[in-house]
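Note on naming: letters A, B, ... go to the chains in the order of the sequence lines (proteins, then strands), and numbering restarts at 1 for each one.
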Amino acid sequence: MREAMEPRYDIKEVEEKIYRLWEGSGFFDPDKLPEAKKRKPFTIIMPPNNANGLLHMGHAVGLTLQDILIRFWRMRGKKTLWLPGADHAGFETQVVYDKKLDREGRNRYEMSREQLWKEIWDFTEESKAKMYAQTKKLGASCDWSRETFTLDPKIIETVYETFEKLYEDGLVYRDLKVVSWCPKHRTALSDLEVKHVEREDPLYYVKYGPLTLATVRPETKFGDTALAVNPKDSRYKKYIGREIEAKGILGNLKFRVVGDEAVDPKFGTGVIKVTPAHDQTDFEIWTRHKEEIAGPKIIIDETGRLTGEVGEFKGLKVAEAREKVAEKMKEIGILEKVEPNYKHQVATCYKCGSTLEPLPRPQWFVKMKPLAEPAIKAVKTGKVKIHPKRSEKVYLHWLKNIRDWNISRQIVWGIRIPAWFCLGCGEAKINTEIRSRWFLVRHGETDFNKEKRTMSHGPISINDLGRSQAKLAALSLKNRNIDLIISSDLKRCVDTAKIISDELGGVEVIYEKGLRERDFGVLEGKTYEEGHREFGEDVVKSYDGEIPGAETMREVEKRAWEAFISHRSKHSHRNVVVVSHGGVIRMLRKKIKNLGVEDAFKVPGAKNAEIVPLEIGEKCKKCSGDLYEQDPDVFDTWFSSGQWPFATLMKNQKDFKAFYPTEVMETGYDILFFWVARMIMLGLYRTGKTPFKDVYLHGLVRDKDRQKMSKSKGNVVDPLGVADTYGTDAVRMALVIGNTAGNDIVISEDKIRGYRNFATKIWNVARFVLLSKKSEFAKIKVVYSPADKKDLVGLKKVKVQVTKHIEKYEFHLAGEKIYHYFWHTFADKIVETSKPRLNGENLKDAAAAFLKLETILKTSLKMLHPFMPYITEEIYSRFEPDKMLMVEKWD
RNA sequence: GGACGGUUAGCUCAGUGGUAGAGCGUCUCGCUUACACCGAGAAGGCCGCUGGUCCGAUCCCAGCACCGUCCACCA
């Protein structure tokens, strides 16, 4: 006799025990499944969740549906691989971390790249650990031995290869374009990350000489370089090609009028101003009229403030400037009228809602049309099927109208773009090998620096601030494997070099006279101001300007460069820090970058302890230099996650052969373009195969009032919290039932409680069946009554239907079917009618009744297992202590 | 400006060319040795509106309304 089941199902104890049991069995790993070799593969790559926070209900939906598929097919005899992973989620994590920095009164613009990287790395590691624990709690039967992070070296390597291949195929290029720029986060965004919102703003009618035009952005007027009209517009034809004079805020202006199709004659007055630097359309108009009109004139900076030739408005934020410029226009009589409530669409940052500022920036773009074509075909021919089907139309429409994809992001957190620019000529090299790294570092602050006084060869030390600057510099050089420090032999550099050496664990330092600061002759010890007064700033700060007793900059350049070159040839394979002075670094930069005299003096000088990185690679084919700097930008996260299905499997060629292409991609419909479309495109591009056969898109999770869940609304149902209360199985059922592809899911605690009740029901039925077992039954040859047979046929029918539903991704129907059958047919009817027989005199009949109940129960447990894995596994073990339901045969 | 989705019981949602379904909620009865996290039963719906196809429509078609979503360089 077996032990009776406890009257209550203990959620916590059982769930922990069972997950350990599964994990310990090794069966999450497809290669360790019973008869693994005979099985055919079935693969799902888990969408890598963002390693920057906890899982919410949306994640729980995805994990549940995937786990249902995996458990179902595992029981159906497939070699199931479910590969878990996490995404570094570049921009999103950066935003999360920026918020944290903000709370701490810090910001990333004041941090070194290395420091910021390290902090975010630790943060993601922590988040990842929590997230994986949550994933386990939800019962996910994924193969943890294959867990992958998007920043694993193997993944980065694959992503780099793809980038290189795209570059070689001419599908990736670097170009200056007006991009969507978030002034808060100071990075460009892709078209998909731009959220258009409707807003009402004043529409200003501004007089430009004889013409009047309408604009919502009078503040960009300082960047205007032309006016444009539609070439077919008879009102303005006569102006095309003419130059008109106009009154402007900063004086009179001259603008040429060009004719361009992009101008809609019906809008406003039919005349527009052309601001190539701050409007995409205008930039394009300029590219079509390059001969006639001037190009981008930048008057807005990367923080969204006015800059350049903007008179008194310099430094104002765009919104403030707008009002003030309009006022001024009114004052000087060029503001004709204002329509106060003009409705229009404004581009905003999808993350922070800031109004985006179009800015010209050189960025890496992927040419999308050639990639989109095969991806369109794949869906049209049914190689990839999207559920729900209607999403295919949306997908196709997007791909047909796709534009080139900006994959450069101006943040630190991400996969650094493997592009190096030759410092000599600017030529780009992709994925080139870097032999060693050199870093030019200016010494830390001295009191002379502080007092703005000239110091050439005097023995002055660095001050307290200088010391901490040096330490900070050393910190960011820490993981760079520095082998050698070459320093100017002047005291302030010696101090700096020593600190760096100490911080780096005693790296060798050699001193070099050639790296000394310029000898300033009679200016020694004088303030900059005095020097400028005496000799003129243009002489002091010039290449050949002579000062009594002083070296010219030309002479400094010569001796410093000679010193630098000679060390370069001696130590070209070592990673070296060169500690020197402001003037010297300026001159070294001039030589390295082949700058003209004028440019060399225009570049801002190195600040105290600032690091100028130089990377030594192969000889540039164009200018034969070998010093490079790496593009500081990182990839759009979706560029790397778009390669996820093959990148994860390519870590191991055997896995790639066995498991690629995968079966299903299960994810939310909100990332159809962001992710799914790009996976199909990049998968086809790299492997020639679609990365998966089916795409199942689930909806967004809402609360019972159809509100999107958000922390600020306080309506978030924490999946793990409720799982503690009602059990993971109940949460899973609640997430599946009533949930159809592509539609949003409504979840409430009531619903979850309902399925907890169901779990209790299952438990009690099982308890009853077990209690009804008598040892005598074993010896009896059972003969079923016609009613029994009918019940068993009914069971079979249910099973056929449940099977079909899961195969067709109709999880909700499968779940409902088995739920209804178990409760209202099995428990309410079959069990009830069996009671008298079980306790009756006729032992043979009792045995038949019992065997039927046991059969139906065990089969039901199998059918329920993909949905409610914990409780079913636990109950099954009471009937079959030597078996594991997870790997039992479905049939 | 395009495209898509929704509109079914008080609430949240399934569903089907032939007298409408589930969960929760409500009401009545029931502590029957698996289960009150339960059982038996009940009430409750012109299946958004207007036309059309059909023997027959909640389901197919057309139009409309409201709600929602996505896409779109109109200054």
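- B:A14 sits 13 Å from B:A9 when the P atoms are compared, rounded to a whole Å.
- Under the side chain to side chain donor-acceptor pair (under 3.5 Å) criterion, A:Asp670 pairs with no residue at all, not counting sequence neighbours.
- For A:Lys817 against B:A14, a side-chain-to-base donor-acceptor contact under 3.5 Å is absent.
- Judged by distance alone, the side chain of A:Gln280 and the main-chain N or O of A:Val178 form a donor-acceptor pair under 3.5 Å.
- For A:Trp398, whose side chain is taken as the heavy atoms from C-beta onward, the closest listed nucleotide among B:C71, B:A14, B:C4 is B:C71.
- The two residues A:Met329 and A:Ile249 have their closest heavy-atom pair at CG-CD1, 4.0 Å.
- For the pair A:Leu672 CG and B:G5 P, the interatomic distance rounds to 15 Å; values are reported in whole Å.
- Mapping A:Arg390 and A:Glu832 onto RNA chain B by nearest heavy atom places A:Arg390 at the nucleotide closer to the 5' end.
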| field | Which nucleotides of RNA chain B pair, in dot-bracket form (Watson-Crick or G-U under 3.5 Å, | meaning another strand) | value | (((((((..((((....[..)))).(((((.......))))).....(((((..]....))))))))))))....
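- Contact annotation: A:Thr760 side-chain N/O to B:C38 OP1/OP2 distance is not under 4.0 Å.
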| message | Across nucleotides 21-30 of chain B, 5' to 3', mark each nucleotide with B, S or - according to how protein heavy atoms within less than 4.0 Å reach it. | response | --SS------
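- Geometric assessment of A:Lys835 against the ring of A:Phe768 yields a positive cation-pi assignment under the 6.0 Å and 45° thresholds.
- If you find the closest nucleotide of RNA chain B to A:His344 and to A:His397, the one lying nearer the 5' end belongs to A:His397.
- In this structure, A:Phe674 places its CZ atom 15 Å from C1' of B:U69, rounding to the nearest Å.
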| message | salt bridge (Lys or Arg N to Asp or Glu O under 4.0 Å) for A:Asp191 and A:Arg403? Distances and angles first, verdict last. | response | CA-CA 8 Å; A:Asp191 294 343; A:Arg403 295 162 60 204; 3.5 Å; yes
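- OP1 or OP2 of B:G39 has at least one side-chain nitrogen or oxygen of A:Lys761 nearer than 4.0 Å.
- Between the A:Asn401 side chain and the A:His397 main chain, a donor and an acceptor come within less than 3.5 Å of each other.
- Both cation-pi conditions hold for A:Lys337 and A:Tyr205: the charged atom is under 6.0 angstrom from the six-membered ring centre and inside a 45 degree cone around its axis.
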